[in-house]
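The structure appears below as structure tokens.
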Amino acid sequence: MWAHFAVKTMQATTDTQAPAARLPHRSESHHPSRWLALLPYLTLPLFLVIIGTLVWLTRAHDREEQWATLINDVLWMEQNLQFELDRNVSLLGQLGPDLLSDEPYSARVDASLSQLLRAQSGLVRVLWLDANGRLRGAMPPLPADAPVGDVEGALLDHSVFQLARGVGRRAYGPMRQVADGSHQFEVHVPIYSEEAFLGAVVGIYSMQDLMLRELPWWFSERYRVSVLDADGNEIVAKSKVAPLSSDIRYSMAFDPPGRGLTLQITAYQGETRWVPLLLVGSIVLLAGIIVWSVWQLRRQLARRHRAEQALRRESLFRKAMEDSLLTGLRARDLEGRITYVNPAFCKMVGYDASDLIGRLPPMPYWDPEHIEHTLEVHNMILAGDAPREGVELHLRRRDGARLDALIFEAPLIDADGKHTGWMGSLLDITEQKRARELARQQEEQLHATSRLITMGEMASTLAHELNQPLAAIASYNTGCLNRLEQPDIDAEELRDIHIKLGRQARRAGEIIRRVHDFVRRSEPKREPLDVNAVIRDAVGLIESDTRKRRMRIETDLAPRLPDVPADPVMVEQVIVNLVRNGMDAMRDNPPGRRTVRVSTREEGGQLVVRIADTGKGIDAEAARHLFEPFFTTKSEGMGMGLNICRSIAELHLGRLGFESVPGEGTTFVLSLPLQTSG
Ligand code: ADP
């Protein structure tokens with residue numbers, strides 16, 4: 001995951017500039033963005049308050065309008081009622097003289113009366129009284145037992161009659177409830193004939209009828225009209241529905257008929273006005289959505305901010321890591337063009353990033369001496385065949401110094417999973433190689449030294465060995481000279497002596513050659529080697545020493561062994577060492593048990609040399625340290641022999657091991673592969 005991210009960021013960065021530098025710095029962006037984020041929170045409530053005020057103002061305006069309409073309508077209604085009542089009074093006044101005359105009234109008057117009662121006037125009955133207030137007639141006619149006159153529960157109020165007669169104009173009576181529960185009131189209209197008071201015509205109104213008849217349908221659609229008595233009790237109401245608690249209500253004195261009556265008009269709650277309601281609702285909803293989305297946006301921003309912070313941290317971390325890396329990093333696109341180098345790479349090759357980015361091969365840091373091989377490796381990498389264990393390349397620094405690098409390549413994959421190039425990491429192994437070379441040289445030196453030491457140890461026996469052929473040569477030479485002084489020289493005899501002399505000289509030469517070969521410091525070389533011959537040589541080399549120490553070397557060499565690719569001197573050194581160790585181990589053995597047995601076998605693709613002694617053996621403690629350098633149990637020993645032997649075996653991809661029974665003897669086993677692999 002991280003690698004992916006890192007690679008992607010690297011792709012985007014084509015120079016060594018930190019990607020962090022491209023990200024806005026926290027303090028730069030923080031304050032304005034905070035204000036920006038707060039702005040909706042500040043403006044939204046303001047917006048809502050304004051909208052609320054607007055709605056309230058509209059409603060207030062609506063109410064005012066409603067109120068104005070109500071007053072208008074009420075005035076109209078009042079006028080209308082007044083007009084009707086007045087009209088009825090005048091009609092009653094007109095009928096009065098006919099009704100009160102002594103003659104029976106005409107059919108026309110009867111028709112007019114009927115008309116008046118039938119018409120929507122609110123009048124339920126008309127009565128006419130003579131000047132003394134006595135009932136003269138009624139329409140519709142009264143039942144015979146109807147209480148009339150100034151009596152308790154009388155149909156008419158005599159005081160009203162008196163009032164009408166007194167003031168000479170119509171007078172309204174008080175409201176009264178009749179048997180059927182309805183409310184009635186009367187109006188007395190005094191009738192005069194040439195200044196003489198004839199009596200009065202009385203109209204009895206049913207309050208319910210008046211309301212029902214006089215108010216048009218549309219009025220009762222809009223308003224509830226009710227009449228209250230002086231105590232505020234509702235006497236009658238005209239309404240479709242029950243009273244509502246509306247605050248748009250108008251009360252006025254109901255005069256005439258007066259007498260404390262109040263007319264109350266209440267506006268019905270207008271039908272719900274859906275459009276403004278919906279409008280307000282949607283505004284509130286939208287405001288809610290805005291608040292919600294701003295909040296979501298803020299959360300999103302916060303998340304983004306966190307992600308940015310994480311990214312910045314990550315890039316800074318990566319940058320620090322990149323800068324601290326000793327490994328050179330270098331990215332290339334699919335054509336091999338350099339797209340990125342890290343500081344370690346620049347330091348390694350001595351070129352600036354700007355010198356390298358965008359370059360196509362051959363690169364300036366390629367070693368001119370190895371340009372072809374480098375190009376081959378380059379093409380191999382681009383073809384995707386770079387070995388996983390890395391490739392070693394010889395490069396050259398800008399100052400001309402040699403640079404040995406170990407290169408590992410990995411494909412660069414972008415966020416879409418597309419292969420965009422290659423990322424290579426370079427390890428500077430120049431020093432390592434130098435150290436390795438030095439170690440190799442030192443090891444070789446050590447080998448040579450150890451050989452010298454071995455030779456030093458063997459010097460006296462060698463001298464002794466050389467002494468033999470030299471003494472023989474000298475004596476043969478003396479013999480020859482003696483023969484030469486004699487007159488009859490036997491040529492045959494002389495020849496024989498010379499042959500023997502020559503053999504001794506060759507023998508001495510052979511000894512010297514072996515010593516020379518052994519001591520000569522040489523590079524390890526692999527040549528087809530007859531190990532049996534090497535063993536014979538080695539045995540020849542230490543033979544005299546063996547004799548001197550009264551030891552024996554027995555060889556049991558398998559015939560027709562295949563050659564082994566190995567260095568003869570090194571293998572000989574191993575054999576000499578192991579045989580000498582065997583002899584050392586048998587130092588305290590009785591004379592009969594002083595034999596080192598050297599055998600060769602071919603076993604499973606390996607050539608196995610066994611050097612067996614019957615010495616003191618190796619105990620567990622010694623076995624643990626046997627191959628460590630400078631481990632020795634001998635007073636004159638150096639402790640390097642086995643260590644060197646094992647490194648020689650490993651140099652030939654072979655092995656050196658041992659089997660030992662303390663007190664009985666030890667067998668060292670050297671196995672060398674018949675074929676060099678690789
Ligand atoms: P050095 O011969 O100088 O001591 P080596 O590395 O050849 O050094 O041997 C290390 C030690 O291993 C010897 O000192 C000896 O104790 C032990 N060792 C080697 N070969 C034998 C053997 N064949 N039998 C018993 N001990 C042995």
Side-chain angles (χ1 to χ4, degrees), residues 443-444 446-448 450-451 453-454 514 517-518 522 524-543 546 551 553-586 595-615 617-618 622-629 631-632 637-661 665-677:
E443 195 176 350
E444 212 166 274
L446 199 64
H447 290 180
S450 99
R451 280 195 292 272
I453 290 165
T454 312
R514 269 192 240 139
D517 273 359
F518 190 79
S522 63
K525 50 188 174 194
R526 302 272 177 90
E527 57 187 44
L529 193 67
D530 176 0
V531 175
N532 285 346
V534 173
I535 290 171
R536 274 184 221 110
D537 264 8
V539 171
L541 196 64
I542 43 182
E543 212 166 26
T546 317
M551 303 264 174
I553 302 177
E554 253 180 41
T555 52
D556 168 16
L557 307 179
R560 290 185 299 282
L561 273 184
D563 287 351
V564 172
D567 184 302
V569 178
M570 285 187 169
V571 175
E572 186 178 2
Q573 187 178 354
V574 174
I575 310 276
V576 168
N577 245 313
L578 295 177
V579 172
R580 282 174 58 82
N581 272 352
M583 297 199 307
D584 289 346
M586 297 189 296
T595 307
V596 178
R597 175 180 289 273
V598 183
S599 64
T600 52
R601 293 285 181 275
E602 186 190 341
E603 286 172 16
Q606 305 263 330
L607 195 144
V608 182
V609 184
R610 286 192 175 78
I611 293 124
D613 62 66
T614 51
I618 298 166
R624 248 203 303 285
H625 306 289
L626 209 61
F627 293 99
E628 286 173 10
F631 172 77
T632 179
M638 200 172 84
M640 284 307 296
L642 286 179
N643 181 265
I644 290 169
C645 288
R646 175 168 269 188
S647 59
I648 289 174
E650 283 166 0
L651 200 72
H652 289 85
L653 307 175
R655 280 172 49 76
L656 176 66
F658 70 94
E659 296 147 12
S660 180
V661 181
T666 307
T667 303
F668 273 85
V669 185
L670 168 72
S671 41
L672 299 170
L674 291 173
Q675 239 92 55
T676 27
S677 52

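In this text, all values refer to a predicted model and were calculated from it rather than measured experimentally.
A side chain to side chain contact (heavy atoms under 4.5 Å, CB included) with Ser599 holds for exactly one of Asp556, Ile611, Val609, Thr667; it is Asp556.
Between Pro673 and Gln606, the shortest heavy-atom contact is N-OE1, 3.8 Å. Closest of all the heavy-atom pairs between Glu603 and Arg610 is OE2-NH1, 3.2 Å. Nearest heavy-atom pair, Thr632 versus Gly637, reported as atom, atom and distance to 0.1 Å: OG1-CA, 3.7 Å. The shortest non-hydrogen separation linking Ala566 to Leu529 is CB-CD2, 3.9 Å.
Looking only at distances, no side-chain donor or acceptor of Asn532 sits under 3.5 Å from a matching main-chain atom of Pro559. Using a distance-only test at 3.5 Å, with no hydrogens or angles considered, no donor-acceptor pair links the side chain of Asp567 to the main chain of Arg526.
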Please list, one pair per line, the donor and acceptor atoms closer than 3.5 Å that link side chains of residues 653-661 to other protein atoms, with sequence neighbours excluded.
{"unit_1": "Ser660", "atom_1": "OG", "unit_2": "Ile618", "atom_2": "N", "d": "2.8"}
{"unit_1": "Ser660", "atom_1": "OG", "unit_2": "Gly665", "atom_2": "O", "d": "3.4"}
{"unit_1": "Ser660", "atom_1": "OG", "unit_2": "Thr666", "atom_2": "OG1", "d": "3.1"}

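Under the 4.5 Å side-chain criterion, counting only non-hydrogen atoms from C-beta, His652 is not in contact with Val564. Ile553 places a side-chain heavy atom less than 4.5 Å from the side chain of Val598.
With rounding to the nearest 0.5 angstrom, the CD1 atom of Ile644 is 11.5 Å from the CD atom of Glu444.
When the side-chain contact (heavy atoms from CB on, under 4.5 Å) test is applied to Asn581, the partners found at least two apart in sequence or on another chain are Asp584, Lys634, Leu642.
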